[in-house]
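Notes for the one structure printed next.
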Amino acid sequence: MEKFNYLIVGSGLFGSTFAYCAKQAGARSLVIDKRPQLGGNVYCENTEGINVHKYGAHIFHTNNKQVWDFVNSIVEFNRYTNSPVANYKGKLYNLPFNMNTFYQMWGTRTPAEAEAKIAEQKAEAIATLNGREPSNLEEQALTLVGKDIFEKLIKDYTEKQWGRDCKNLPAFIIKRLPIRMVYDNNYFNDKYQGIPIGGYNKLIEGLLKGIETHTGVDFFTEYKDNWRDIADKLVYTGAIDEYFGYKLGKLDWRTVSFKTRIEDTPNYQGNAVVNYTSHDQPYTRIIEHKHFEMFGQSVYDNPKTVISEEYSTEYKEEMEPYYPINDKRNNELAEKYRQLTTYEKDVIFGGRLGQYKYFDMAPVIEQVMEMFEKK
Ligand code: FAD
Ligand code: UDP
């Protein structure tokens, strides 16, 4: 049989987009995945007519029009806008921190009132720093939004999520949280956001249409030694340390586990995402999946709903590797592995696991598009 141009390991967004672009360029690929299904972490399982985000809730957002047009050419996206709500000891607050949150927290009505309140709240922390930069997440949060917001909306949530005290976490984690002096609950600043109509599986199906795929196949047991017999090049989106047999040591990951259940009500929490920001609940948030794709009356057309409690979990063997750990040991080790990839001439290392870097979906697609533009 004629050789494939590419053997693609992993059918997540990196692998699937690569296969699609390669096909457009006239190349043949074989895509394999060790999971029983295609799609990597964006795969959804249909339960009670609802697309359940099995590997974590995924919201597509980007500022890149080319990427947005590309994904919409595969499947049209809906108008879902992420606007999570925080529940702190039974009281609800809008996120991200905006004029609604400040009103709920302090009763302030105008930006001037809110600014004055925030200034008062953070004064003590700023004075304590005495001119130096915040050196940890707690200091960063206290000097950014002050005491009340830190204590009610940040401290416990962050400790649950990262399993560490806010004083022992890097400041940059919190810089991602936008603060808005307008009444706007849209979590993202990007121009475009949404969910594929019909779910993420439609996006993956569209990308992989007409491409040969095998699921339930592990690269290391089936192809590691002989892939050159079947393909000219390898596109590898599995874990970078595993590719090299962990010869420099193992990289650490942070993972999340989900407790998913069906509820016998059409509308459990009225929002896709509710964060639980105190230690009263062991989970960080509850996802109600139908709200990503059902709006207005259609929420009630389905009498049931599916919810997932999300627990941040220490990574152990056999768990899903989700988030790279950004500490010195792991950054240095990952860099050493990245150096090794330069000797693997016929191999392209891509995606989240293959590069040991956290990427949102859009940047992954952008990377692949750029690779083919250059070619
Ligand atoms: P993956 O989707 O992980 O795909 C890699 C594939 O490779 C997997 O299917 C795996 O089974 C396969 N594989 C690995 N090793 C082997 C092997 N040895 N043999 C065969 N197959 C193998 N991004 C956003 O833009 N918005 C969000 O809201 C968002 N939420 C997220 C929530 C969570 C919990 C996580 C973890 C990520 C989230 N992301 C989000 C990021 C998004 O998941 C990634 O950008 C995307 O999955 C990257 O695709 P990928 O192809 O690199 O990796
Ligand atoms: N965060 C918080 N309270 C919230 C939501 C987020 O304190 O209700 C903090 C938390 O430290 C988290 C960071 O903001 O790690 C980034 O959150 P985001 O939801 O943007 O990132 P993700 O959880 O998707 O990594």
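With sequence neighbours excluded, the residues that form a side-chain contact (heavy atoms from CB on, under 4.5 Å) with Arg132 are Leu129, Ser135, Glu139.
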Distance-only check: which donor-acceptor pairs under 3.5 Å involve side-chain atoms of residues 38-45, not counting sequence neighbours?
| unit_1 | atom_1 | unit_2 | atom_2 | d |
| --- | --- | --- | --- | --- |
| Asn41 | OD1 | Arg35 | NH1 | 3.2 |
| Asn41 | OD1 | Arg35 | NH2 | 3.1 |

Side-chain donor-acceptor pairs under 3.5 Å in residues 211-227, sequence neighbours left out?
| unit_1 | atom_1 | unit_2 | atom_2 | d |
| --- | --- | --- | --- | --- |
| Asp218 | OD1 | Phe220 | N | 2.9 |
| Thr221 | OG1 | Asp218 | O | 3.2 |
| Lys224 | NZ | Tyr243 | O | 3.3 |

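Listed by first and then second residue, the side-chain hydrogen bond (donor to acceptor under 3.5 Å, both in side chains) pairs that reach into residues 248-258 are Lys250-Glu317, Asp252-Arg329, Asp252-Asn330, Arg254-Ser312, Ser257-Thr313, sequence neighbours excluded. Sorted by first then second residue, the salt bridge (Lys or Arg N to Asp or Glu O under 4.0 Å) pairs that include residues 57-78, not counting sequence neighbours, are Lys65-Asp69.
Remark: Arg352 is not positioned above the aromatic ring of Phe359, lacking an NZ or CZ atom under 6.0 angstrom from the ring centre and at most 45 degrees off the axis.
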Would you sort out whether Trp68 and Phe60 count as a side-chain contact (heavy atoms from CB on, under 4.5 Å), showing the intermediate values?
CA-CA 9 Å; Trp68 183 244; Phe60 196 94; 3.9 Å; yes

I would like to know whether Arg79 and Phe295 meet side-chain contact (heavy atoms from CB on, under 4.5 Å); could you show each step before the answer?
CA-CA 10 Å; Arg79 59 127 184 104; Phe295 308 98; 3.5 Å; yes

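Taking the ring centroids of Phe258 and Tyr55, they lie at or beyond the 6.0 Å cut-off. In summary, the aromatic rings of Tyr187 and His61 are positioned with their centroids too far apart to meet the 6.0 Å limit. The distance between the ring centers of Tyr88 and Tyr93 does not fall below 6.0 angstrom. Two rings, from His53 and Tyr200, have their centers less than 6.0 Å apart.
Using a 3.5 Å distance cut-off with no hydrogens or angles, the side chains of Asp190 and Tyr192 do not pair a donor with an acceptor. Using modelled atom types and a 3.5 Å distance limit, the side chains of Asn100 and Asn98 yield a donor-acceptor pair.
Note: Tyr337 and Phe244 have parallel aromatic rings, judged against thresholds of 30 and 60 degrees for the angle between ring planes.
Linking Ile, Leu, Val, Met, Phe, Trp and Tyr residues whenever their side-chain heavy atoms come within less than 4.5 Å leaves Leu169 and Tyr157 in two separate clusters.
Other cluster members for Met294: Ile50, Val52, Ile262, Val299, Tyr300, Val306, joined by side-chain heavy-atom distances under 4.5 Å among Ile, Leu, Val, Met, Phe, Trp and Tyr.
Screening Arg261, His289, Glu288 against Thr305 for a side chain to side chain donor-acceptor pair (under 3.5 Å) leaves a single residue, Glu288.
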